[in-house]
Protein chains: 2
Amino acid sequence: MPVGLNSTDLDRLDEVVNIRRKVKRGDLLFRNGEAFTSLYAIKTGFFKTCVTTEDGREQVTGFQMAGEIMGLDGIVSDHHSCNAIALEDALVCVLPFSHLETLSRDFPALQHHMHKIMSREIVREHGVMLLLGNMRAEERLAAFLLNLVQRLHARGFSQSELVLRMTREEIGSYLGMKLETVSRTFSKFSEDGIIDVKQRDVRILDTNALTQLYNPQPCN
Amino acid sequence: MPVGLNSTDLDRLDEVVNIRRKVKRGDLLFRNGEAFTSLYAIKTGFFKTCVTTEDGREQVTGFQMAGEIMGLDGIVSDHHSCNAIALEDALVCVLPFSHLETLSRDFPALQHHMHKIMSREIVREHGVMLLLGNMRAEERLAAFLLNLVQRLHARGFSQSELVLRMTREEIGSYLGMKLETVSRTFSKFSEDGIIDVKQRDVRILDTNALTQLYNPQPCN
DNA sequence: CGATGGCTTGAGATGTTTCAACCCACGTGG
DNA sequence: CCACGTGGGTTGAAACATCTCAAGCCATCG
């Protein structure tokens, strides 16, 4: 990641990255209320994070895939404030946060990288707020699919085919709609020839139409 | 803020804090797309931050008051991705970000403080997502009022009286509802004897009822 | 004092949810 | 290897909350 390091430096960096942890599908990587010690970098697998209320409502706050960082929520209070659940068997790097802080004092590149990661998460959440506050069901699902496929593509997967690792209910929770509405909207897209859906397999037939939906032009 | 500093240290810290900037009501502190150079700490005044879409939709992402930090969105891309607009005449401390990064390498307490600030923002946004994704109009407004009054109280203001610095439309944008719905919900609370509203002056008569609304007990 | 922006309220339209029934795919165990 | 059970997904119809459009009111300020 950063540059211009000698071998001692590399050893120190290695120290922070060499703890691994396996998480089985359905298991929690960390849970709401748990003491915060580490950030987690996903090596393989797929996660959801969600917050809950006392009366049992659940809001999925994000879906995370390989290369993404989880656990930032825990820094502020030394306790996690959400649950991280593996949607498929996963392997993560455990990054003890105090080590990260120590190291990033010596490596400005690492320091800046951490700041960027947190800032990116803040900006991502702004986008979700826009989606939840302003968009209708079709726009939400279009935005969701485009975002997913774009992130998968950046990891070498297809630009047009994807396998959903989450249920309709989880998609709905993330997008602020009920699972039935998610299902109906998938069907609508399918009828319109925009996508092909068969359960969790989705093939995007008309990316342009999705983009249009997500980002409608102002009517001049 | 941090502890155990000699006078040279204090001078260095002072350097980063002694730039002030006045912002008049209605003016932008920074705008979407603008180059990112600094964070801003509010000394006095009240701001909103909002993101916009090409087709002109606007989502208020937060309201900020004295003591709070703005501009974290700019770190990831070196450009701001939202607008910060003063809702009343304001004074901010300009905190050049590169100075902050340099300083926080020498002051672990400052470093950790910055991490906490970013983490706090992430957690706050989780809460907003929960609100936007799961709650109904009354719950949203109750949550909003309770949050505002709590933050004001922490700054020495009343626990029960507040003056809204934002319009119904801005509240609505933040809470994902139309201004008419905001207005109606205020009226409903007023009819129910929970609050007293006269334009922007709000007096909370029954905090308990608001809490109940926001956080309904599971029906046993 | 009039203009303006912000706020309130009503009535009808709309999109999403709710409730219900049904279907399908998958995995397990007989 | 098939049968069955189960969780997930689909679809329909009615209920509901919020939005839209419209009119009118109020406070503020030049």
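Numbered from 1 within each chain, the chains take letters A, B, ... in sequence-line order.
Base engagement by A/Arg184 is indicated by at least one non-hydrogen atom pair under 4.0 Å involving a base atom. In this structure, B/Gly172 reaches neither bases nor backbone, as no heavy-atom distance under 4.0 Å exists between it and the strands shown. Among the protein residues, B/Thr167 comes within range of the sugar-phosphate backbone only, with heavy atoms under 4.0 Å from sugar or phosphate atoms but none that close to a base. Within the 4.0 angstrom heavy-atom criterion, base atoms lie near B/Glu180.
Atom pair A/Leu179:CG and C/dC19:C1' shows a separation of 12 Å (rounding to whole Å applied). Taking atom CG of residue B/Leu164 and atom P of nucleotide C/dG6, one finds them 14 Å apart after rounding to whole Å. Whole-Å rounding puts the A/Phe186 CZ to D/dT10 C1' distance at 13 Å. Atom CE in B/Met135 sits about 17 Å away from atom C1' in D/dT18, given to the nearest Å. Here the C1' atom of nucleotide C/dT17 and the CZ atom of A/Arg136 are 16 Å apart, to the nearest Å. The CD-P distance, from B/Glu169 to C/dC7, rounds to 9 Å in whole Å. The distance between atom CG of B/Asp201 and atom P of D/dA27, rounded to the nearest whole Å, is 12 Å. Remark: P of D/dT10 and NZ of A/Lys178 are 17 Å apart, rounded to the nearest angstrom.
Residue A/Thr181 places at least one side-chain N or O closer than 4.0 Å to OP1 or OP2 of C/dT17. Look at B/Ser187 and you won't find any side-chain N or O under 4.0 angstrom from OP1 or OP2 of C/dT8. The shortest distance between the side-chain N/O atoms of A/Arg200 and the OP1/OP2 oxygens of D/dG9 is below 4.0 Å.
Comparing A/Arg140 and A/Lys198 by the nucleotide of DNA chain C that holds the closest heavy atom to each, the one mapping nearer the 5' end is A/Arg140.
Between the side chain of B/Ser173 and the backbone N or O of B/Glu169 there is no donor-acceptor pair closer than 3.5 Å.
Across A/Val51, A/Val128, A/Asp73, a single residue satisfies side chain to side chain contact (heavy atoms under 4.5 Å, CB included) together with A/Thr61, and that is A/Val51.
Not less than 6.0 angstrom separates the ring centroid of B/Phe47 from the ring centroid of B/Phe63. Note: A/Phe30 and A/Phe36 fail the aromatic proximity criterion, with ring centroids not under 6.0 Å apart.
What you find for A/Leu100 and A/Leu110 is that their closest heavy atoms are O-CD2, 4.3 Å.
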